[in-house]
Every structure is written in structure tokens, then in C-alpha cells.
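In what follows, a single structure is set out as C-alpha cells and then discussed.
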Amino acid sequence: MFAVTVDLVVLTVRGGELCVLLVRRGTPPFAGRWALPGGFVLPAEDLATAAVRELAEETGLRHPAGHLEQLGSYGDPDRDPRGRVVTIAYLALLPDLPTPVAGTDAAHAEWLPICRVREADLAFDHEKIFTDGLERARAKLEYTPLATAFCPPEFTVAQLRQVYETVWGTHLDPRNFHRKVTGTPGFVEPAGRSTTGDRGRPAQVFVRGPAALLHPPMLRPERPRSA
């Protein structure tokens with residue numbers, strides 16, 4: 001057998017933790033093991049369409065707002081015991097979503113904190129794919145505005161900073177972060193209202209700016225991030 005599959009590294013921030021979406025396989029091979037959501041590409045599908053379909057079928061998350069990009073291809077001859085299977089992996093960064101509902105060949109779906117992925121013993125070569133996706137996400141936050149993909153449509157600077165701190169596993173100086181984010185033309189724009197912030201103080205609400213892709217702020221972790 002020679003086949004093509006898609007697998008997805010879906011990341012979100014829930015309860016102050018960076019989490020990855022996993023499904024527990026309900027059918028062989030690796031029945032009962034955790035895996036990334038994914039499956040076989042149908043003959044009439046392009047790859048991105050297959051990725052969105054598999055995400056919906058295995059987790060019940062249909063057309064979620066966020067960021068989706070192709071991560072890479074994985075073709076080790078022994079990666080799938082069913083035969084020669086090449087997979088195209090995608091990285092998705094999404095705002096906090098409801099608990100997923102498993103379907104098709106997935107027995108269960110869950111957001112798992114990334115610190116627990118190794119103990120989950122992922123099926124196939126999914127731990128490598130997950131690691132590559134996590135590193136891609138962390139690196140892109142340094143030079144793109146993709147952190148806003150983890151945020152709701154409206155957010156405060158403190159909420160955006162929490163995304164960076166959660167993904168990088170480090171601390172960022174609040175004043176310096178606020179200066180860089182609000183001082184970069186087009187990165188964020190005021191939404192025209194305020195909400196209750198830290199210690200009950202009003203906090204200005206922002207939306208993602210139209211020029212964010214052209215002028216992202218240059219941000220770096222301030223100390224080595226955790227694994």
C-alpha cells in the first residue's frame with residue numbers, strides 16, 4: 001500500500017497552559033494510543049481541505065478561526081505498520097475552543113498540556129511531528145504576529161503577553177512588551193473600549209491590526225524557555 005495522509009499539530013492556550021489537541025485511536029494500528037488528529041487524503045481532495053475535514057471528523061471542530069499552515073512532510077518507510085504512508089503535517093494555532101468531541105476512528109479527543117505529551121506515548125512518529133510543530137510555533141512568534149491567532153477577536157495587551165509567556169515558557173517585562181506592541185504600526189489597533197484589567201484597573205481592548213504581517217514587533221524570549 002502507498003497512501004498519503006494529513007496530520008495536524010493543533011495548539012491553543014487553555015487555563016494559562018499551552019495545549020495540543022490529541023485523539024485516542026479507536027482502531028488499529030495503535031488502538032488506544034494517543035495520536036495527532038489526521039487521516040487519509042481522499043482522491044478528489046487537496047491537502048488543506050483534507051486537513052480541515054479530518055479535524056472536523058475526529059474532533060467535531062468545524063472551520064475554527066485561527067491560523068493553519070503546512071508544517072512539513074514525513075516519509076520514513078517504517079512510520080506506519082500498514083504500509084508505505086507519507087504524511088503531510090499541518091500546524092494550527094487557535095484561540096481557546098470548547099472541549100472537542102471525538103468521531104470516526106477516534107475514541108476520545110482532548111486538549112493535553114504540552115508538558116504531558118511525552119508521557120502520552122504518541123502513536124506513529126507523532127511525537128516528532130508535535131515537536132517540530134511546537135518549535136515552529138515558538139520560532140514564528142519571534143518575527144510574526146501569529147500570537148494573535150491564540151487570542152479572541154478582542155483582547156488586552158496583558159492577554160496577548162500571556163500568550164507569548166505561555167508559548168515560550170518565560171517571563172516578559174510588562175512595560176517593555178506594551179511599548180513594543182502598541183508602538184509597532186499596524187500590529188494592534190484600539191477597539192474603542194476598555195475592560196477591567198489587573199488589580200481592577202481599566203485595560204484598553206485591542207484587535208489585530210491590518211498591517212501586522214508587514215510590521216511585526218521584534219520580540220525575543222528573555223531567558224531560556226522550558227521544554
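Residue numbers count from 1 along this sequence. No experiment lies behind these values; they were computed from the predicted model shown.
- Trp34 is not listed as a side-chain neighbour of Arg25, based on a closest heavy-atom distance of 4.5 Å or more.
- Residues Val188 and Phe206 approach most closely at CG2-CD2, 3.7 Å, considering heavy atoms.
- Scored by the side-chain contact (heavy atoms from CB on, under 4.5 Å) test, Asp121 finds Arg33 as partners (sequence neighbours excluded).
- Judged as a salt bridge (charged side-chain N to carboxylate O under 4.0 Å, His left out), and not counting sequence neighbours, the contacts of Arg79 are Asp7, Asp125.
- Taken to the nearest 0.5 Å, the OG1 atom of Thr182 stands 9.5 Å off from the CZ atom of Phe177.
- For the pair Val10 and Leu55, the minimum side-chain heavy-atom distance is below 4.5 Å.
- No salt bridge links Asp132 with Arg136; every basic N to acidic carboxylate O contact stays at or beyond 4.0 Å.
- With sequence neighbours excluded, no residue satisfies side-chain contact (heavy atoms from CB on, under 4.5 Å) with Pro153.
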Residue pair Leu160, Phe187: steps toward the side-chain contact (heavy atoms from CB on, under 4.5 Å) verdict: CA-CA 12 Å; Leu160 182 61; Phe187 180 55; 3.9 Å; yes
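- How far CZ of Arg208 is from CZ of Phe155: 8.5 Å, rounded to the nearest 0.5 Å.
- The distance from the CZ atom of Phe130 to the CD1 atom of Ile114 is 5.5 Å, given to the nearest 0.5 Å.
- Every residue meeting the ring pair (Phe, Tyr, Trp, His ring centres under 6.0 Å) condition with Phe124, not counting sequence neighbours, appears here in chain and number order: Phe30, His126.
- For Gln159 against Thr156, the heavy-atom pair with the smallest separation is OE1-N, 2.8 Å.
- Residue Val205 is not grouped with residue Phe150 when hydrophobic side chains (ILVMFWY) are merged at heavy-atom distances under 4.5 angstrom, including chains of intermediate members.
- A 4.5 Å side-chain heavy-atom check between Pro81 and Pro29 finds at least one atom pair inside the cut-off.
- Listed by chain and number, the residues in a side-chain contact (heavy atoms from CB on, under 4.5 Å) with Gln70 are Leu47, Ile88, Tyr90 (sequence neighbours excluded).
- Listed by first then second residue, pairs satisfying ring pair (Phe, Tyr, Trp, His ring centres under 6.0 Å) with a partner in residues 35-58 number zero, not counting sequence neighbours.
- Scored by the side-chain hydrogen bond (donor to acceptor under 3.5 Å, both in side chains) test, Arg175 finds no partners at all (sequence neighbours excluded).
- Looking at Arg161 and His178, their side chains never come closer than 4.5 Å, going by heavy atoms from C-beta outward.
- A salt bridge links Arg193 and Glu154; the closest N-O separation between the charged side-chain nitrogens and carboxylate oxygens is under 4.0 Å.
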Worked check of side-chain contact (heavy atoms from CB on, under 4.5 Å) between Val85 and Phe2: CA-CA 6 Å; Val85 179; Phe2 182 89; over 6 Å; no
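- The CG atom of Leu22 lies 9.5 Å from the CZ atom of Arg116; values are rounded to the nearest 0.5 Å.
- The minimum heavy-atom distance between Ala35 and Leu122, with the atom names listed, is N-CD2, 4.3 Å.
- Inter-residue side-chain proximity for Val163 and Cys151 is flagged as met; some heavy-atom pair is nearer than 4.5 Å.
- Judged by distance alone, with hydrogens and angles left aside, the side-chain atoms of Arg179 form no donor-acceptor pair with the main-chain N or O of Gly183 at under 3.5 Å.
- Residue Val20 forms a side-chain contact (heavy atoms from CB on, under 4.5 Å) with just one option from Thr12, Leu8, Leu134, Leu11, and that option is Leu11.
- For the salt bridge (charged side-chain N to carboxylate O under 4.0 Å, His left out) test, no residue two or more places apart in sequence or in another chain qualifies with Arg84.
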Check against side-chain contact (heavy atoms from CB on, under 4.5 Å), Leu68 and Leu93: CA-CA 7 Å; Leu68 179 69; Leu93 309 179; over 6 Å; no
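- Residues Leu141 and Val157 are members of one and the same hydrophobic cluster, defined by side-chain heavy-atom contacts under 4.5 angstrom among Ile, Leu, Val, Met, Phe, Trp and Tyr.
- Between Trp168 and Glu142 there is a side-chain heavy-atom pair separated by less than 4.5 Å.
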Steps toward side-chain contact (heavy atoms from CB on, under 4.5 Å) verdict (Leu21, Val9): CA-CA 7 Å; Leu21 182 61; Val9 180; over 6 Å; no
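- Between Ala89 and Ile129, the closest heavy-atom pair is CB-CG2, 3.6 Å.
- Interatomic distance, His67 NE2 to Leu146 CG, rounded to the nearest 0.5 Å: 4.5 Å.
- Glu45 contributes a side-chain N or O that, together with a main-chain N or O of Leu42, makes up a donor-acceptor pair within less than 3.5 Å.
- Residues meeting the side-chain contact (heavy atoms from CB on, under 4.5 Å) test with Thr131, sequence neighbours left out: Glu127.
- When all heavy atoms of Glu165 and Leu172 are compared, the closest pair comes out as OE2-N, 3.0 Å.
- Glu189 meets the side-chain hydrogen bond (donor to acceptor under 3.5 Å, both in side chains) test with no other residue; sequence neighbours excluded.
- The side-chain hydrogen bond (donor to acceptor under 3.5 Å, both in side chains) check on Thr166 picks up nothing, with sequence neighbours excluded.
- Across Val23 and Leu36, no two heavy atoms sit closer than the pair CG2-O, 4.0 Å.
- Taken together through direct or relayed side-chain contacts under 4.5 Å among Ile, Leu, Val, Met, Phe, Trp and Tyr, Tyr164 and Val207 form parts of separate hydrophobic clusters.
- Applying the side-chain hydrogen bond (donor to acceptor under 3.5 Å, both in side chains) criterion to Asp46, with sequence neighbours excluded, gives Thr49.
- Interatomic distance, Asp76 CG to Thr87 OG1, rounded to the nearest 0.5 Å: 12.5 Å.
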